Q: 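Below you will find the structure I want to go over with you.
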Amino acid sequence: MPISLTDAKSAELFARARRVLPGGVNSPVRAMRAIGRDPLFVERARGVDLIDVDGNRFVDWVCSWGPLIHGHAHPDILAAVHHAAAAGTTFGAPTTAEVEIAEEIASRVPSVEMLRMTSSGTEASMSAIRLARAATGRDVIVKFAGHYHGHVDGLLADAGSGLATQGIPASAGVLASATAATVVVPWNDREAVERAFAEHEVAALVCEPYPGNMGLVPPADGFLAFLREATEAAGALLVFDEVISGFRVGPGGAQEREGVTPDLTVMGKILGGGLPAAAFGGSRELMERLAPLGDVYQAGTLSGNPLAVAAGLASLRMLDDDAYHRLHATTETLATGLREAAGDRPVQVVSVTGLVTVFFSATPVTDYDEAKACDTEAYSRWCRGLLARGVYAPPSQFEAMFVSLAHEPEHVTRTLEAAAAAFEAAW
Ligand code: KE4
């Protein structure tokens, strides 16, 4: 049965927040406008139990949009952060832990021989693009519609008219000149990629190898290998944005699972263990183009921050083979149960280790146009119905549920019961 969500404190906080924060939030998706309600204000969380300021309790399937593969407030991560903080919070100078996490990442991710840390995925994407342009001496970046790489001006581009044409700004304030060197093509469309390479001197093609920002829309069979061949043939770099998939879908991310090694990889979320950290990496030859050795400037006051590195190291070190087996099992139990709960309703449930999306569509979703054609109103009703039953799923059709190692069978059972009832109520 739906619980009566009290929201007196959230409502009061939201009124205050809107006076000093645009939309009352520090990042748009948190506002929950996509599902037609006001945001949750979180009081605390542990494991996957999240409690809002009004005392409402939820099973959390957002998990801060991906970093919390071990759930909230994992004791080993908290202990690592406390220990690091006692020695100082930031130095603006190299530390042992930064070397350790770089070694840990390089040992896991096939494309990464060397890396540079940043404080956000946006910075890492922006820097990787700059490096790719310097390394190739070319301007044009090819990206896919529906893929998100952070709010980088040149990558906030919508598809222009036609199949593979100049991007147009997807946000006010982004100059047409900033997206003029961006070509936007449909995901899983080989012809469009071939057209882009035929018509442009491409510096790099950037993609989420397992896209999570239009909902989870996996690559068609062989598509990533095709991208590797097409970029090599064109003398362009292949950049995998594994901010979501990295360390989640397997130890070495999508590139290890698929056996396709990009030239550069953008990483984030899990590698910060819940604190602000991201990175981009590739071969020594490429990465040593970066200052202070090379001519590509890139910097950051808090890059490699000791607290974020401590949390990230603790998080990565707990991700052994058993952890991925458990994560995969939980993911598949959830996805199978959601399919059963949906019954013959027009719903597609898509999953890969650690990620699940419920598309409100009668047909499979293979690209952004098909994702946008989903019944987002039905998704909103379903998502609000879940919240009313104590389950917090991503408040947007164009996101993924983030499965964690803190999700126990009881959490999945409660979620599936709530999902069945919410499906009933959504139509
Ligand atoms: P940040 O700058 O938000 O750390 O990372 C940007 C980014 C880059 N690449 C991918 C594949 C990403 O998914 C993201 C950020 N993801 C979103 C959720 N899909 C973050 C949530 C938000 O924007 O509040």
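Counting begins at 1 with the first residue of the sequence. Remember, it's a predicted structure, so these values are computed and weren't measured experimentally. For ligands, and for the atoms within them, numbers begin at 1 and follow the listed sequence.
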Q: Can you check whether a protein heavy atom sits less than 4.0 angstrom from atom 3 (O) of ligand 1?
A: no
Q: Suppose I only count heavy atoms of Ser120 and a 4.0 Å limit; which atoms of ligand 1 are within that range?
A: 2 (O), 4 (O)
Q: Around atom 16 (N) of ligand 1, find the nearest protein heavy atom and jot down its residue, atom name and distance.
A: Lys269 NZ, 3.1 Å
Q: Under 3.5 Å between any N/O of Ser27 and any N/O of ligand 1: does that happen in this structure?
A: yes
Q: Any ion pair linking Arg44 and Asp49 (charged N to carboxylate O, less than 4.0 Å)?
A: no
Q: Surrounding CZ of Arg326 (heavy atoms of other residues, nucleotides or ligands, distance under 6.0 Å), is the total greater than 12?
A: yes
Q: I'd like to check which ligand 1 atoms, numbered from 1 as shown, lie under 4.0 Å from a non-hydrogen atom of Ile244.
A: 13 (O)
Q: Would you call Phe280 and Leu290 a side-chain contact if the rule is heavy atoms closer than 4.5 Å?
A: yes
Q: Which heavy atom in Ala279 sits nearest to a heavy atom in Ala124, and how many Å separate them?
A: O-CB, 3.5 Å
Q: I want to know if ligand 1 touches Asn213 in the polar sense, i.e. an N/O pair below 3.5 angstrom.
A: yes
Q: Below the 3.5 angstrom mark, is there an N/O of Val29, backbone or side chain, next to an N/O of ligand 1?
A: no
Q: Hey, are Thr353 and Arg257 close enough side-chain-wise for a donor-acceptor pair under 3.5 Å?
A: yes
Q: Classify the contact between Glu123 and ligand 1 as side chain, backbone, both or neither, using a heavy-atom distance cut-off of under 4.0 Å.
A: neither
Q: Is ligand 1 under 4.0 Å from a heavy atom in the side chain of His149, in the backbone, in both, or in neither?
A: backbone
Q: Any luck finding a side-chain donor-acceptor pair between Arg116 and Gln298 under 3.5 Å?
A: yes
Q: Does either side chain, that of Glu370 or that of Ser361, offer a donor lying less than 3.5 Å from an acceptor on the other one?
A: no
Q: Taking the inter-plane angle between the rings of Phe360 and Phe423 on a 0 to 90° scale, is it parallel (under 30°), tilted (30 to 60°) or perpendicular (over 60°)?
A: tilted
Q: Heavy-atom contact under 4.0 Å between Glu242 and ligand 1?
A: no
Q: Which atoms of ligand 1 sit under 4.0 Å from any heavy atom of Gly150?
A: 6 (C), 7 (C), 8 (C)
Q: Phe240 and side chain to side chain contact (heavy atoms under 4.5 Å, CB included): which single residue from Leu224, Leu264, Val266 fits?
A: Leu224
Q: Suppose we measure from atom 1 (P) of ligand 1 to each protein heavy atom; which comes out shortest, and what is that distance?
A: Gly121 N, 3.5 Å
Q: Between Val243 and ligand 1, find which residue part has any heavy-atom pair under 4.0 Å and reply side chain, backbone, both or neither.
A: side chain
Q: Is the closest N or O pair between Glu208 and ligand 1 shorter than 3.5 Å?
A: no
Q: For atom 10 (C) of ligand 1, what's the nearest protein heavy atom and its distance?
A: Tyr148 O, 3.3 Å
Q: Could you walk me through whether Trp61 and His411 satisfy the ring-ring contact (aromatic ring centres under 6.0 Å, His included) test, starting with their C-alpha distance in whole Å, then the side-chain angles of each, then the deciding distance to 0.1 Å, before giving a yes or no?
A: CA-CA 10 Å; Trp61 295 99; His411 299 119; 8.0 Å; no
Q: Starting from atom 21 (C) of ligand 1, what is the nearest protein heavy atom, named by residue and atom, and what distance separates them?
A: Trp65 CG, 3.8 Å
Q: Would one find an N or O of Asp241, backbone or side chain, under 3.5 Å from an N or O of ligand 1?
A: yes
Q: Could Asp295 and Arg289 be called an ion pair, given the rule that one side-chain N must be under 4.0 Å from one carboxylate O?
A: yes
Q: Just heavy atoms, cut-off under 4.0 Å: does Glu399 contact ligand 1 by side chain, backbone, both, or neither?
A: side chain
